[in-house]
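For reference, the structure is listed below as structure tokens.
Residue numbers begin at 1 in each chain, while the letters A, B, ... track the order of the sequences.
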Number of protein chains: 2
Amino acid sequence: MNVELEPLRIEPGYRKVAAALTERILDRSLPAGVHMPPEIELARQLGVHRSTVREALRELETNGLLERRRGSKRMVVTRPANNAVAEGVRRALSLSDVSFQHVWEAMTMIEPPLAEAAARRHEPASLTALEDAAAQFRAHNADTQVVGRSEAVREVADFFRRLGDCAANPVLILAQEPLLQLLEPSLDAMIDQVPQARARIVTAERRIVEAVRARDAASARDWMAKHIRDFKRGYELAGMSLLQPVG
Amino acid sequence: MNVELEPLRIEPGYRKVAAALTERILDRSLPAGVHMPPEIELARQLGVHRSTVREALRELETNGLLERRRGSKRMVVTRPANNAVAEGVRRALSLSDVSFQHVWEAMTMIEPPLAEAAARRHEPASLTALEDAAAQFRAHNADTQVVGRSEAVREVADFFRRLGDCAANPVLILAQEPLLQLLEPSLDAMIDQVPQARARIVTAERRIVEAVRARDAASARDWMAKHIRDFKRGYELAGMSLLQPVG
DNA sequence: AGCTCATTAATTGTCCGACAATACTACAAT
DNA sequence: ATTGTAGTATTGTCGGACAATTAATGAGCT
């Protein structure tokens with residue numbers, strides 16, 4: 001017989017510690033929001049040295065299962081939502097060069113049907129959040145008060161996120177997140193080159209909100225499609241190449 | 001004057017070390033494939049203790065910028081792939097309860113236009129990979145030879161991944177990944193309940209491949225839409241609720 | 001009691017040094 | 001050419017230490 005035995009993988013201790021802690025967070029025996037036990041206590045319970053625990057903690061930290069509240073010392077258990085994907089996306093895109101063309105094409109595909117779903121399924125709370133997001137962008141980008149570029153693009157992305165919440169589909173929300181991660185740097189490069197950009201965004205968001213509120217799926221889809229087309233137009237008006245890499 | 005100075009964030013050393021190393025990997029001054037310098041050497045260069053370096057290395061490791069080749073001691077610089085998102089998705093979904101309905105709706109939105117793009121833009125290499133994926137599923141799921149359930153669903157997901165490669169849009173590939181992560185457990189629960197499921201998948205994949213090869217975008221989209229509808233039909237035939245959580 | 005402030009305890013970040021286990025290398029022996 | 005051997009390099013883990021800083025405690029005051 002010709003048995004190919006595969007190389008058994010021997011994991012270092014810090015990885016096992018990380019796995020143990022991860023499991024206890026995911027199965028909620030360490031519930032979200034509580035303070036982590038002190039490192040030395042973890043070390044005692046698990047029978048390893050504190051350094052080993054610390055290496056494991058760094059793993060959980062970069063995985064987003066632990067976070068340190070501002071200026072606080074002890075770390076807090078947290079459950080990552082859609083932003084868990086964000087880090088991964090950021091890493092993945094640092095390799096492959098993504099152009100605005102790519103981002104735009106993906107948005108063209110995903111956002112209009114998402115707006116449609118949002119119109120059909122929104123609930124009072126999610127609709128309110130959507131309206132708030134639109135109102136905030138409108139207020140911050142009126143003629144009299146124009147907020148900084150980076151904040152503006154974040155608000156644009158937030159509008160899409162609220163729309164995802166209206167659509168009430170966690171899978172879509174996850175799928176949308178890569179686009180939004182990349183939309184921000186894309187818009188960032190363009191928005192100040194085109195004077196009328198902010199005003200057009202305000203209008204589009206208003207129309208979309210109205211359609212969603214009226215549960216008019218077709219109209220929501222169409223206005224969203226127009227909104228997305230405007231992004232491309234903005235690039236063309238700014239004289240920027242659609243193929244140049246974002247970020 | 002009313003200067004509100006915001007709380008400056010003092011980052012711990014291990015984080016700065018991680019940032020420094022990350023930068024040197026991303027700007028390719030530490031090119032992919034090379035061995036990392038020894039920890040003690042890094043510590044010397046950066047003027048910190050080895051423990052601090054190690055904590056930083058854990059961060060890079062979980063970020064996928066470093067990997068340890070099987071049973072090897074020194075770590076190797078590497079480039080993160082699309083599956084960087086996978087971990088994040090898995091964690092995010094362990095929290096919110098996702099139903100097949102959600103997965104199905106997202107696929108309905110994303111996959112048909114993706115097939116369309118694949119038909120338009122595939123290159124010889126990516127087309128070959130797509131054909132191979134379809135051929136592999138066909139061979140493994142013929143009447144005479146039926147492969148295990150988990151392998152079958154993985155091959156189904158792989159077909160979609162190859163299609164994503166054909167579409168040649170990294171953003172779409174990233175957006176699609178959450179769906180595929182969730183498609184596998186969804187299919188896993190269904191595929192053996194419906195005798196004709198595998199045969200129907202074989203047919204659908206064949207049609208899609210043919211359409212893509214012929215650069216017939218409309219046909220690719222339509223067959224993909226049919227393919228996706230079949231998944232839902234499979235659930236109904238199996239008498240399973242669309243609303244029950246997957247995984 | 002409730003509040004402010006000083007004092008103490010607890011906790012993290014970082015360091016030092018050490019050692020066993022093992023992967024890597026060079027070289028000798030079969 | 002493979003196998004064995006010795007030596008080195010490197011990682012994984014450990015014990016302990018200490019300064020800086022946050023959290024907790026209690027004293028004093030209203």
Would you mind classifying the nucleic acid contact of R15(A) as base, sugar-phosphate or nothing, using non-hydrogen atoms under 4.0 angstrom?
nothing
For [X] and [N], give me the distance from atom [atom1] to atom [atom2], rounded to whole Å.
X	N	atom1	atom2	answer
L66(B)	dT11(D)	CG	P	11 Å
L42(B)	dT10(D)	CG	P	11 Å
E41(B)	dT10(D)	CD	C1'	13 Å

Using a 3.5 Å cut-off and no angle test, enumerate the donor-acceptor pairs between side-chain atoms of residues 125-134 of chain A and protein atoms at least two apart in sequence or in another chain.
from: S126(A); atom 1: OG; to: E123(A); atom 2: N; distance (Å): 3.0
from: S126(A); atom 1: OG; to: E123(A); atom 2: O; distance (Å): 3.0
from: T128(A); atom 1: OG1; to: P124(A); atom 2: O; distance (Å): 2.8
from: E131(A); atom 1: OE2; to: R213(A); atom 2: NE; distance (Å): 2.8
from: E131(A); atom 1: OE2; to: R213(A); atom 2: NH2; distance (Å): 3.1

Distance alone, cut at 3.5 Å: any donor-acceptor contact between the side chains of T62(A) and T62(B)?
yes
Pair E41(B), Q45(B): side-chain N/O donor-acceptor within cut-off below 3.5 Å
yes
On DNA chain C, which is the earliest and which the latest nucleotide, 5' to 3', with an atom closer than 4.0 Å to a heavy atom of chain A?
dT11(C) to dT14(C)
Applying ring pair (Phe, Tyr, Trp, His ring centres under 6.0 Å), name anything that partners F137(A), two or more places apart in sequence or on another chain.
none
So if I take residues 43-50 of chain A and measure heavy-atom distances to DNA chain D, which residues fall below 4.0 Å?
G47(A), V48(A), H49(A), R50(A)
Rounded to 10 degrees, the angle between the two terminal axes of the helix from dA1(C)-dT30(D) to dT30(C)-dA1(D), each from five pairs
30°
List for me each residue that meets side chain to side chain donor-acceptor pair (under 3.5 Å) alongside R24(B), sequence neighbours excluded, and say none if there are none.
none
